[in-house]
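To start, the structure under review is shown below, and the notes come after it.
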There are 4 protein chains.
Amino acid sequence: MADIAEAKTGPGRPRSAETHRAILDAVGALLAESGYPNLSIEAVATRAGVGKQTIYRWWPGKADLVMEYLLGVSAQMPRPDTGNMAEDLRTFLLASMEGWTIGKLGPVVTALMAEAQSDARFGELFFRNLISARRGILKEILARGQTRGELDAHRDLDLLADLIYGPMWYRLLLKHAPLDAGFLDDLLGALNLVPRRG
Amino acid sequence: MADIAEAKTGPGRPRSAETHRAILDAVGALLAESGYPNLSIEAVATRAGVGKQTIYRWWPGKADLVMEYLLGVSAQMPRPDTGNMAEDLRTFLLASMEGWTIGKLGPVVTALMAEAQSDARFGELFFRNLISARRGILKEILARGQTRGELDAHRDLDLLADLIYGPMWYRLLLKHAPLDAGFLDDLLGALNLVPRRG
Amino acid sequence: MADIAEAKTGPGRPRSAETHRAILDAVGALLAESGYPNLSIEAVATRAGVGKQTIYRWWPGKADLVMEYLLGVSAQMPRPDTGNMAEDLRTFLLASMEGWTIGKLGPVVTALMAEAQSDARFGELFFRNLISARRGILKEILARGQTRGELDAHRDLDLLADLIYGPMWYRLLLKHAPLDAGFLDDLLGALNLVPRRG
Amino acid sequence: MADIAEAKTGPGRPRSAETHRAILDAVGALLAESGYPNLSIEAVATRAGVGKQTIYRWWPGKADLVMEYLLGVSAQMPRPDTGNMAEDLRTFLLASMEGWTIGKLGPVVTALMAEAQSDARFGELFFRNLISARRGILKEILARGQTRGELDAHRDLDLLADLIYGPMWYRLLLKHAPLDAGFLDDLLGALNLVPRRG
DNA sequence: GACTAACCGAGACGGTACGTCCCGTCTTAAG
DNA sequence: CTTAAGACGGGACGTACCGTCTCGGTTAGTC
């Protein structure tokens with residue numbers, strides 16, 4: 001990623017924050033207009049009033065560029081800690097889903113997932129920036145549940161994260177069924193993560 | 001899809017079966033050499049010794065072409081029916097996973113999943129040909145389990161299919177953890193689909 | 001050179017004569033507007049309504065392209081044969097000079113000469129197409145003069161061609177003195193190629 | 001030109017002579033390696049360990065830079081004055097030719113001639129620095145010949161300079177025939193500048 | 001001894017053009 | 001009517017340099 005805040009000082013003209021922002025703004029606008037597959041570096045440069053080289057100087061390719069945009073516009077993930085695991089899970093995972101469904105970010109996220117398939121370098125970055133952090137919060141919620149006795153202490157949290165996020169991604173990608181609160185309840189119920197009703 | 005068996009008879013030179021095969025062979029070879037993103041219709045035509053037009057006449061684009069190749073080389077899915085749901089599930093789902101992991105077909109499948117994200121027409125085809133059929137077999141196994149009393153009759157089979165295939169796809173896509181028999185047992189166990197050990 | 005008349009027949013779509021002409025027209029227009037150094041293949045393609053690849057398919061670079069344009073617009077060189085060497089020389093060489101001075105072709109010719117300096121492949125083509133032919137005609141005139149006894153039979157015609165064209169090119173390139181009929185007379189006089197006046 | 005000797009004194013850091021030399025050295029090295037057309041200011045700056053701005057501060061462009069390099073490495077022109085015009089001419093013009101043929105300076109000189117075609121400002125500089133001075137010496141030799149009666153007093157010296165240098169440049173540029181002492185004799189002979197043999 | 005001005009290296013910047021790849025369409029002759 | 005061949009208009013790629021700019025840092029003369 002090209003985090004302008006971390007720009008190392010040294011000789012030479014310093015990196016322009018305005019330019020950086022103009023590029024990401026252009027990415028957002030073009031993404032909204034024509035979607036990830038029709039986004040071209042060329043168009044971003046033109047739209048931002050920037051030389052192509054300036055983009056290539058800081059980002060290896062369009063996937064990285066879009067990911068940085070995505071990180072910028074993604075709402076801060078909540079880190080609920082109410083003392084009730086079921087409630088925390090619902091709050092957090094609902095926010096996760098809404099991060100995809102609200103603002104048409106879903107197709108962008110899946111496009112990046114697609115890109116990650118064919119580019120190992122980007123794949124790792126993608127995992128670190130967009131997957132791992134969320135999994136971490138999820139596992140913290142589950143761990144607190146274990147401490148409190150709400151969840152069997154022997155259950156593998158990494159596995160659980162897969163079992164939770166897996167179906168969510170599956171629906172995001174295939175779009176064959178809704179990705180909503182009802183689905184979330186069904187999912188958590190099937191995994192015995194919420195108290196049985198009745 | 002361009003099902004050669006459906007070629008309608010009539011006046012004029014008939015469609016060449018050899019050409020059809022040569023094209024799919026070329027797809028396979030190029031896929032192996034440089035992967036889906038670097039596959040171009042141009043290269044397929046050259047490799048197959050075929051005019052580009054001939055490809056465009058029968059396939060809308062490279063995704064469709066690759067999907068047909070994939071369907072051709074994918075092993076026939078087993079339809080186990082041993083009278084034991086847990087065993088059938090393991091047999092079938094293991095075959096599902098191996099269809100991805102053996103023969104380097106995983107990246108091709110995920111690339112198509114990627115393509116499906118941005119092309120609704122292809123997405124539907126992809127779902128019908130590569131997702132739906134497998135889900136159907138899975139649901140049959142589960143349904144038989146319900147009939148036999150191995151599975152609670154009230155459980156939603158479509159939901160269960162999501163909960164099973166979701167995590168599998170998730171690991172296929174992210175590659176952060178193995179996609180093997182052990183994972184399958186964990187998955188089925190967490191969903192109460194196999195008898196508790198002990 | 002990319003002589004469309006010599007296009008060899010065979011399978012595949014034949015070369016478009018219209019496109020060929022449109023490209024050369026665009027070259028002429030752009031040359032007139034902004035000169036050789038500011039001429040870009042990109043601009044030619046845009047102006048001609050043609051893909052860049054179409055240009056690169058037929059010409060190795062802009063020098064070749066411009067040379068073909070030049071050959072197209074250059075007036076047919078006269079081949080005077082009046083029986084009088086001095087008169088023939090004057091007629092022919094004046095036409096040679098006017099081919100440079102009329103129609104602003106001078107800068108184009110010198111630019112090609114410049115290009116020929118750094119590109120051996122083009123240099124040879126340039127010599128063959130724009131230099132050699134004219135030298136040939138000149139030497140024929142001189143040879144006829146020798147036959148008739150107007151010129152010493154022992155004089156080296158190739159050397160004479162250098163001594164005639166050399167100063168003409170020199171003035172064309174340096175522009176420090178006029179390139180006109182008076183100069184021509186001085187030149188021929190100094191070389192004893194015209195009868196001494198008085 | 002950027003004559004370091006003329007640096008005017010005053011406040012501020014004075015111009016660095018080392019930097020100046022490093023730049024011209026880099027020009028020479030790069031010229032030898034890849035020729036004039038492939039020489040870039042960027043490369044000169046990098047090679048010389050110098051900022052691009054420093055180059056642009058002192059030279060308008062690469063042609064000027066290269067011309068200064070050329071003037072630096074060109075041997076001082078001889079100013080022969082033996083009392084014999086033919087001998088003086090041969091000495092001087094041979095040195096002129098060798099200045100081109102020795103040390104691979106020919107392509108550089110012709111490249112500058114090329115550059116002069118399209119850039120009037122540089123053209124004037126080029127004429128003053130690389131053409132005029134040599135013509136001046138040549139005309140002096142001829143003038144002394146006239147004084148001594150070796151050359152007809154009525155002959156136009158400027159014209160004669162064109163008739164001498166013209167063919168020499170012509171061969172330098174076209175490379176179709178050798179540029180050597182034999183040619184020089186032929187040239188001077190044809191212009192009646194050396195005594196007829198026999 | 002501080003101040004000021006010009007120099008210098010480094011390198012980011014907006015921009016133009018390059019030559020290539022591939023797209024999907026088209027136009028031929030051959031079968 | 002299909003096929004192989006391949007030209008076509010077009011869009012984008014990633015790179016090379018252009019000439020300008022903006023930093024921190026240097027190196028003199030002047031106050």
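This one's a predicted model, so the numbers in the text were calculated from it and none came from an experiment. Keep in mind that the numbers below use all heavy atoms, side chains included, and drop hydrogens, waters and symmetry copies. Chain letters run A, B, ... following the sequence lines, proteins first, then strands; residues in each count from 1.
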Please classify the nucleic acid contact of G49(A) as base, sugar-phosphate, or nothing, using heavy-atom distances under 4.0 Å. sugar-phosphate
Do any side-chain nitrogens or oxygens of [X] fall under 4.0 Å of OP1 or OP2 in [N]?
X      : N       : result
T54(B) : dA4(F)  : yes
W58(C) : dC8(F)  : yes
T19(C) : dG9(F)  : yes
S16(C) : dA7(F)  : no
W59(D) : dG19(F) : no

In whole angstrom, what separates [X]'s [atom1] from [N]'s [atom2]?
X      : N       : atom1 : atom2 : value
I55(D) : dC7(E)  : CD1   : C1'   : 15 Å
E18(A) : dG14(E) : CD    : P     : 10 Å
I23(B) : dT2(F)  : CD1   : P     : 14 Å
R21(D) : dC8(E)  : CZ    : C1'   : 16 Å
H20(A) : dC13(E) : NE2   : C1'   : 15 Å
R57(A) : dG14(E) : CZ    : C1'   : 10 Å
E42(D) : dG15(E) : CD    : P     : 18 Å
Y56(D) : dT22(F) : OH    : C1'   : 17 Å

So which one's nearest nucleotide on DNA chain E is more toward 5', G51(A) or N38(B)?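 Final value for this comparison: G51(A).
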Can you check whether M113(D)'s main-chain N or O pairs, donor with acceptor, with Q117(D)'s side chain at less than 3.5 Å?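 Yes: the side chain of Q117(D) pairs with the backbone of M113(D).
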Polar side-chain atom of N129(D) near backbone of L125(D) as donor-acceptor pair, under 3.5 Å: yes
Nucleotide nearest P14(C) when distance is taken to its side chain, options dT27(E), dA28(F), dA5(F):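 Nearest listed nucleotide: dT27(E).
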Report yes or no: is the cationic atom of K62(A) (NZ for Lys, CZ for Arg) closer than 6.0 Å to the six-membered ring centre of F122(A), at no more than 45° off its axis?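 Relative to the ring axis of F122(A), which defines the angle, K62(A) lies outside at least one limit.
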V44(B) vs V50(B), side chain to side chain contact (heavy atoms under 4.5 Å, CB included): CA-CA, chis, key distance, verdict: CA-CA 8 Å; V44(B) 172; V50(B) 143; over 6 Å; no
Toward the 5' end of DNA chain F, which comes first, P60(A) or G12(A), by nearest nucleotide? P60(A)
DNA chain F: S40(A) or I41(D), which has the more 5' nearest nucleotide?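 It is S40(A), whose closest nucleotide lies nearer the 5' terminus.
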Classify the side chain of [X] versus the base of [N] as yes if they form a donor-acceptor pair under 3.5 Å and no if they do not.
X      : N      : result
R13(C) : dC8(F) : no
R15(D) : dC7(E) : no
K52(C) : dG9(F) : no

Would you sort out whether E115(D) and F126(D) count as a side chain to side chain contact (heavy atoms under 4.5 Å, CB included), showing the intermediate values? CA-CA 9 Å; E115(D) 202 72 45; F126(D) 174 75; over 6 Å; no
How close do A45(A) and G51(A) get, heavy atom to heavy atom, and via which atoms?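 So the two residues come closest at CB-C, 4.3 Å.
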